[in-house]
Amino acid sequence: MDTVSTEKANSPLEREISRRRTFAIIAHPDAGKTTLTEKLLLYGGAIQLAGHVRARKDRRKTRSDWMTMEQDRGISITTAALQFEYGGFRLNLLDTPGHEDFSEDTYRTLMAADCAIMLLDGSKGVEPQTIKLFRVCRERGIPIITFMNKMDLPAKDPFGLLDEVEKTLGIAAVPLFWPLGSGKDFHGVYDLVEQQVHRYERVTGGAKQVPVTVTGLEDPALDELMDEHTAKVFREGAELVQTLLPTFTIEDFLAGKITPVFFGSAVTNFGVQLFLDRFLTLAPAPPATHLTDGTELDPAQKAFTAFVFKLQANMNRNHRDRVAFLRITSGKFERGMSVFVPRLDKQVHLANPVAFFGQERATIDDAYPGDIIGLINPGLYRVGDILCSGKPPAFPPLPRFAPEMFAGLIPTDTNKMKQFRKGIQELAEEGVVQIFQGLDGTTVIGAAGTLQFEVFRFRMEDEYGAPCRLESMPFECSRWIRSQDSAKFSSYDKIVKDEMGRMVVLFKSEYRMRNFAQTNPEIPIYDHPPQED
Ligand code: G4P
């Protein structure tokens, strides 16, 4: 495999930056994200498993799944960063939940990634959640690498899959691997760049790579590897791909114009390590950050900068604390250093930085751009906070997403009001739900999906001992407005205030909202908090 290129790295800091890869896997639920994550960790030696022999129940406890409710339900609700070493690289895998209800938290996590692996189920192609996540990556301009998974099951035609990516997502799809058959006739992959056949055999607990020497598509040795029909279809496909499709260039990839496509099967391990090796040559090292003042923040500058992209309460029941996750953007982090937090106008001593691996935590002494570290946070930090040792950089603000479901929140045990207030504040800061105050004094929570409500109610009771009731409200969308415009909305819509006191109007339907915007063009409505407020 390729090792890290340190050609341009002169200082120890530059060397550390050049070997870091910080990425997320985006996928629709069930496409195989947990399975692929597990396999990547396995290659990194981060977990020891005898292939895919564990029962489903056990597998659900993949290290990033640590909340009781997640384990009970077998879905990944919370996100964590998994860090591991492979081939001289340091990988930071941001674990984004695939469930569509967890969009805000997932979106925020993508703000910390430098590139994304878009994992598709080869029998399903591009699915709704993939589209949403893809758009966020695209808006951020991060490069996207596609892995067509489950090729060991009857899959769609590979050309059809490429076409679907191009048409649905609007990005040119350029294969770097081509599948050797599919379904029960899936034998491996052909590396279109190196012109090499990689053949696998299924063995208990995964796959074994079979050494083959095939000099090119014409080599008769290919016919020995598979039946006549599979060989014919494969040759025709691979030839067509080489003549018809655009060539891959790293510049177009890094500019987000094309996505390189790999084929494989995470569960049987066909092509996964090969993919990982190639991924590491493609994925960018932590880049410069574009600042809102038009300048760039060089990751190799001496001054330390980082931003908080996620807060998580009660990660570990034994600790019952809150953790702020930071993404380092420049400079070296050292335990015990003091940094400035511009929002608080305060110097903070970072005594207890930790790295997480699911529920396990380890104190870290140093970290570099691209790394994710957790700070035990006694309510100090907010999502979007900047920590810096030099002049505060003008980072672009982290996006907010307008919720689409709303419910009135009622405490059911009035003796627990202190816990109730603490719970709603902490869970709102984490982004589990958004909290609004009605002008009539009611508390309203907003989310992107019903499951978020359930998680909120469950955690309020389970973690804060503050039981509550949710009364669903007949609103379907929300928009921020300027406070001076609040009188211009009818009683048909509800006006609430967000946690910063900014006005938000809740509309009964999308139609009503669009209609309002059309008939009142002089009253602006915003899908993110307006700057002037
Ligand atoms: P997710 O995190 O994206 O939701 O997907 P997950 O990895 O949990 O995978 C969903 C299902 O797809 C699992 O099956 C998993 O074994 C299967 N899967 C993942 N990758 C592949 C692949 O390359 N080929 C095939 N054939 N299946 C794959 P399950 O039946 O839900 O669980 P289990 O009983 O297999 O553990």
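Start at 1 and go down the list; that is how both ligands and their atoms are numbered.
Counting heavy atoms under 4.0 Å from ligand 1, residue S265 touches it through both backbone and side chain. Residue contacts with ligand 1 for L153 involve side-chain atoms from C-beta outward but no N, CA, C or O (heavy atoms, distance under 4.0 Å).
Under the 4.0 angstrom criterion for non-hydrogen atoms, A27 is not in contact with ligand 1.
When R140, R20, R327 are each tested for a side chain to side chain donor-acceptor pair (under 3.5 Å) with D114, only one passes: R327.
Among the atoms of A266, some N or O lies under 3.5 angstrom from an N or O of ligand 1. Taking any N or O of G32, backbone or side chain, at least one lies under 3.5 Å from an N or O belonging to ligand 1.
For the pair K150 and D30, the salt-bridge criterion is not met [side-chain N within less than 4.0 Å of a carboxylate O]. Using a 4.0 Å cut-off between charged nitrogen and carboxylate oxygen, K167 and E164 do not count as a salt-bridge pair.
In terms of the side chain to side chain contact (heavy atoms under 4.5 Å, CB included) criterion, residue partners of A283 (sequence neighbours excluded) are, by chain and number, R21, C115, F279.
Heavy-atom proximity to T35, at under 4.0 Å, picks out these atoms of ligand 1: 6 (P), 7 (O), 9 (O), 15 (C), 19 (C). In summary, the atoms of ligand 1 found under 4.0 Å from a heavy atom of K33, numbered by their order in the structure, are 1 (P), 2 (O), 3 (O), 5 (O), 7 (O).
Nearest-heavy-atom check against atom 16 (O) of ligand 1 across V267, T34, D121, T268 picks out V267.
In this structure, E166 contributes its side chain and A173 its backbone to a donor-acceptor pair below 3.5 Å.
Here the straight-line distance linking atom CD1 of I145 with atom CD1 of I26 works out to 11.0 Å at 0.5 Å rounding.
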